[in-house]
Amino acid sequence: MSRNLELFERAKKPIPGGVNSPVRAFGSVGGTPRFVKKANGPYFWDADDKRYIDYVGSWGPAIVGHAHPEVIRAVQQAAEGGLSFGAPTEAEVEIAETLCAMLPSLEQVRLVSSGTEATMSAIRLARGFTGRDTIVKFEGCYHGHSDSLLVKAGSGLLTFGAPSSGGVPADFTRHTLVLEYNNVAQLEETFARIGDTIACVIVEPFAGNMNLIRPSEAFVKALRELTHKSGTVLIYDEVMTGFRVGPRCAQGLHGVIPDLTTLGKVIGGGMPLAAFGGRRDIMECIAPLGNVYQAGTLSGNPVAVAAGLTTLRLIREPGFYDTLTARTRRLTDGLAALGRETGVALTADSVGGMFGLYFTGKVPTCYAEVTNSDREGFNRFFHAMLEEGVYFAPSAYEAGFVSIAHTDALIDETLAAARRALSGK
Ligand SMILES: *Cc1c(COP(=O)(O)O)cnc(C)c1O
């Protein structure tokens with residue numbers, strides 16, 4: 001029996017489903033999750049000591065590759081000075097200054113420990129600032145697992161959502177309106193009707209939790225204009241896209257200044273660190289300055305901040321994003337070409353170091369189109385690639401991630417494996 005299987009069986013006794021986050025269980029693709037023994041650069045090794053080229057990268061954070069020596073050194077140094085104090089540190093000031101300097105929309109920023117905390121806090125803040133209750137999100141976008149955001153679309157146009165999880169009272173989601181991604185007409189109609197009652201719109205500026213979906217230019221423009229006109233707070237949830245798609249995140253690519261931004265994943269470089277920030281007049285509504293409460297025992301943790309600061313320094317090296325973007329493109333152009341060559345309905349797209357792989361004839365633009373793809377086809381491909389030593393996200397509906405440690409040669413190795421997988425050789 002493989003050591004992965006042995007560990008999975010053992011894990012199922014003390015841990016529900018054997019995992020600490022559901023997608024890790026391979027429920028969507030079937031088979032046995034790979035238990036990671038160690039990781040380095042673009043690779044990780046599983047419990048059987050098999051090596052994989054990793055295209056998940058901890059779901060985004062590992063942008064400079066796993067166990068980058070400078071990140072590890074910074075973490076070790078910070079750890080020697082103590083793990084947590086519950087009192088402010090200079091490094092927190094430094095990372096806040098760094099984030100504000102890197103992202104022009106941030107006038108102030110507060111650190112938290114997870115993306116879920118960042119989005120939950122940003123929503124509370126938007127409600128506190130506007131004095132309104134209603135929030136708008138889009139179908140297929142994921143913003144962490146707080147109650148008011150675990151909502152599926154209502155059955156008709158402009159109906160409020162129903163909880164998409166057990167344990168969430170319908171009362172909690174009564175104020176969450178779920179609209180279709182990229183549907184400008186629906187957005188306009190909603191704002192014409194009830195714009196002045198909407199506290200905030202939260203959006204993934206490139207959706208990455210229903211595979212990768214690009215927003216249309218018209219959608220991006222409508223979001224900023226409509227929210228601005230109605231005094232609604234526009235929240236760019238850049239927990240995934242932040243410093244992943246480019247040096248100024250998705251908002252830099254869109255040329256949009258959102259009111260609030262949430263960050264996570266890359267800014268922690270693999271440690272539990274996330275943030276929310278934006279307009280000073282909004283941010284000053286938070287305690288201790290304002291009446292919107294938000295706090296955290298481990299917020300701004302010195303070890304996490306050390307990993308984050310070092311990662312943020314490494315991604316500012318000249319040419320970083322040009323290289324990362326070109327390598328990711330090489331992968332997605334190569335995969336799309338293989339789809340055409342082998343006659344498999346497979347296409348691919350990428351933005352910066354983030355990519356989508358779709359078992360469908362054309363690149364999807366919304367949730368309904370994504371879920372219309374060939375899931376069985378993806379699952380077969382996923383397992384064939386796993387056999388080849390290439391680890392893609394274990395679900396047809398997740399984005400993938402390339403790091404700066406993924407060389408052109410490694411991308412070409414991946415494409416050669418994909419050719420074998422797709423042609424059944
Ligand atoms: C991952 C993610 C979150 C949640 O972050 P956690 O750190 O997992 O809590 C929120 N929003 C987006 C867009 C994400 O990709």
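A quick note: this is a predicted structure, and the numbers were derived from the prediction, not measured. Note that ligands are numbered from 1 as they come in the structure, with each ligand's atoms numbered from 1 the same way.
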Give the intermediate values and the outcome of side-chain contact (heavy atoms from CB on, under 4.5 Å) for residues Leu410 and Thr407.
CA-CA 5 Å; Leu410 219 50; Thr407 58; 3.4 Å; yes
Tyr142 heavy atoms, cut-off 4.0 Å: which ligand 1 atoms fall inside?
11 (N), 12 (C), 13 (C)
Identity and separation of the nearest protein heavy atom to atom 11 (N) of ligand 1:
Asp237 OD2, 2.7 Å
If we count only N and O atoms by modelled type, under 3.5 Å, do the side chains of His175 and Asp133 hold a donor and an acceptor together?
no
For a side chain to side chain contact (heavy atoms under 4.5 Å, CB included) with Phe138, tell me which candidate from Asn183, Asn182, Leu223 qualifies.
Leu223
Of all protein heavy atoms, the one nearest atom 5 (O) of ligand 1 is Gly115 CA, 3.2 Å
With heavy-atom distances below 4.0 Å as the criterion, list the atoms of ligand 1 near Ser114.
7 (O), 9 (O)
Given His145, Lys265, Met120, Met240, which one has a non-hydrogen atom that is nearest to atom 14 (C) of ligand 1?
Lys265
Looking only at N/O atoms, are Val239 and ligand 1 under 3.5 Å apart anywhere?
no
Does a side-chain N-to-carboxylate-O contact under 4.0 Å join Arg329 and Asp349?
yes
Basic-acidic side-chain contact under 4.0 Å: Asp259, Arg224:
yes
Before giving the answer on side-chain hydrogen bond (donor to acceptor under 3.5 Å, both in side chains), spell out for Arg34 and Tyr391 the whole-Å C-alpha distance, their side-chain angles and the decisive distance to 0.1 Å.
CA-CA 9 Å; Arg34 299 309 190 255; Tyr391 190 79; over 6 Å; no
Mode of Thr262 contact toward ligand 1 - side chain, backbone, both, neither (heavy atoms, under 4.0 Å):
neither
Taking distance alone, with N or O pairs closer than 3.5 Å, would you say Glu204 contacts ligand 1?
no
Judging by distance only, is a nitrogen or oxygen of His143 under 3.5 angstrom from one on ligand 1?
no
Among protein heavy atoms, which lies nearest atom 9 (O) of ligand 1, and at what distance?
Thr116 OG1, 2.6 Å
What I want to find out is whether Arg193 reaches Glu189 closely enough, with some N-O distance under 4.0 Å, to be called a salt bridge.
yes
